[in-house]
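Worksheet: one structure, shown below.
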Amino acid sequence: MNYVATDKAAAAIGPYSQGVVSGGILYSSGQIPLTASGELVEGTIADQTHQVFSNLKAVLAEAGSSLGDVIKTTVFIKDMNDFAEMNEIYAAYFGDHKPARSTVEVARLPKDVKVEIEVIAKVNS
């Protein structure tokens, strides 16, 4: 296993890694809307979703992967009423690529954010 760490995304705020590569697959930790400097992006679901994707792209790049290599995503959303707006942004980042996805409404997320997303992606060696 290789641990993924980049300073272009928020550092892990607990006993975990930004991602782990094993067998040519990246398993990312859930990314929340924290900037690389650790500042919480407040605001709308759109603002937070854009920051989450910024973090995901940084972790993917550090692992030698990209959004086009994502196999599966899991989206944790605080309020399913925000789903349509989040989904529009999500779709724009993935374009024609359609990874498998689960979306779950949760009672609470770290730092009371509105969205957290994790990915599983192939790594290009």
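Under a hydrophobic-cluster definition in which Ile, Leu, Val, Met, Phe, Trp and Tyr are linked whenever side-chain heavy atoms come within less than 4.5 Å, directly or via other members, Val104 and Val113 are assigned to the same cluster. Phe76 is not connected to Met80 by any chain of hydrophobic side-chain contacts under 4.5 Å among Ile, Leu, Val, Met, Phe, Trp and Tyr, and they are in different clusters. Hydrophobic clustering (ILVMFWY, side-chain heavy atoms < 4.5 Å, transitive): Ile77 and Val41 are in distinct clusters. Put simply, Leu67 and Val123 are part of the same group of oily side chains (I, L, V, M, F, W, Y) that touch within less than 4.5 Å, one to the next. Under the 4.5 Å side-chain contact rule for hydrophobic residues, Leu109 and Ile45 do not share a cluster.
Leu26 places none of its side-chain heavy atoms less than 4.5 Å from the side chain of Val20. Residues Ser29 and Gln18 fail the side-chain proximity criterion, which asks for heavy atoms closer than 4.5 Å.
Among all heavy-atom pairs drawn from Ile13 and Lys111, the shortest one is CD1-CE, 4.0 Å.
Taking CD1 of Ile117 as the start and OG1 of Thr74 as the end, the distance is 10.0 Å to the nearest 0.5 Å. Put simply, CD1 on Ile25 and NZ on Lys72 are 13.5 Å apart, with the number rounded to the nearest 0.5 Å. The CD atom of Gln48 lies 13.5 Å from the CD atom of Gln31; values are rounded to the nearest 0.5 Å.
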Let me have the donor-acceptor pairs involving side chains of residues 52-63, under 3.5 Å, with sequence neighbours excluded, atom names and distances please.
residue: Asn55; atom: OD1; partner: Gln51; partner atom: NE2; Å: 3.0
residue: Asn55; atom: ND2; partner: Ile32; partner atom: O; Å: 2.9
residue: Asn55; atom: ND2; partner: Leu34; partner atom: O; Å: 2.9

In residues 87-96, what donor-acceptor pairs under 3.5 Å come from side-chain atoms, sequence neighbours left out?
residue: Asn87; atom: OD1; partner: Arg101; partner atom: NH1; Å: 2.7
residue: Asn87; atom: OD1; partner: Arg101; partner atom: NH2; Å: 2.9
residue: Tyr90; atom: OH; partner: Thr73; partner atom: OG1; Å: 2.8
residue: Tyr93; atom: OH; partner: His50; partner atom: ND1; Å: 2.8

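Residues satisfying the side-chain hydrogen bond (donor to acceptor under 3.5 Å, both in side chains) test with Ser37, not counting sequence neighbours, are Thr35. Asp7 pairs by the side-chain hydrogen bond (donor to acceptor under 3.5 Å, both in side chains) definition with nothing, not counting sequence neighbours. Asp112 is linked by a salt bridge (Lys or Arg N to Asp or Glu O under 4.0 Å) to Arg108, counting only residues two or more places apart in sequence or in another chain. The side-chain hydrogen bond (donor to acceptor under 3.5 Å, both in side chains) check on Lys8 picks up nothing, with sequence neighbours excluded. In terms of the side-chain hydrogen bond (donor to acceptor under 3.5 Å, both in side chains) criterion, residue partners of Ser66 (sequence neighbours excluded) are, by chain and number, Asp69.
Within the structure, ring pair (Phe, Tyr, Trp, His ring centres under 6.0 Å) pairs that include any residue of residues 1-41 do not occur (at least two apart or interchain). Sorted by first then second residue, the salt bridge (Lys or Arg N to Asp or Glu O under 4.0 Å) pairs that include residues 31-47, not counting sequence neighbours, number zero.
No side-chain N or O of Thr44 forms a donor-acceptor pair with one of Lys114 less than 3.5 Å apart.
In this structure a side-chain-to-backbone donor-acceptor pair under 3.5 Å is present from Ser65 to Lys122.
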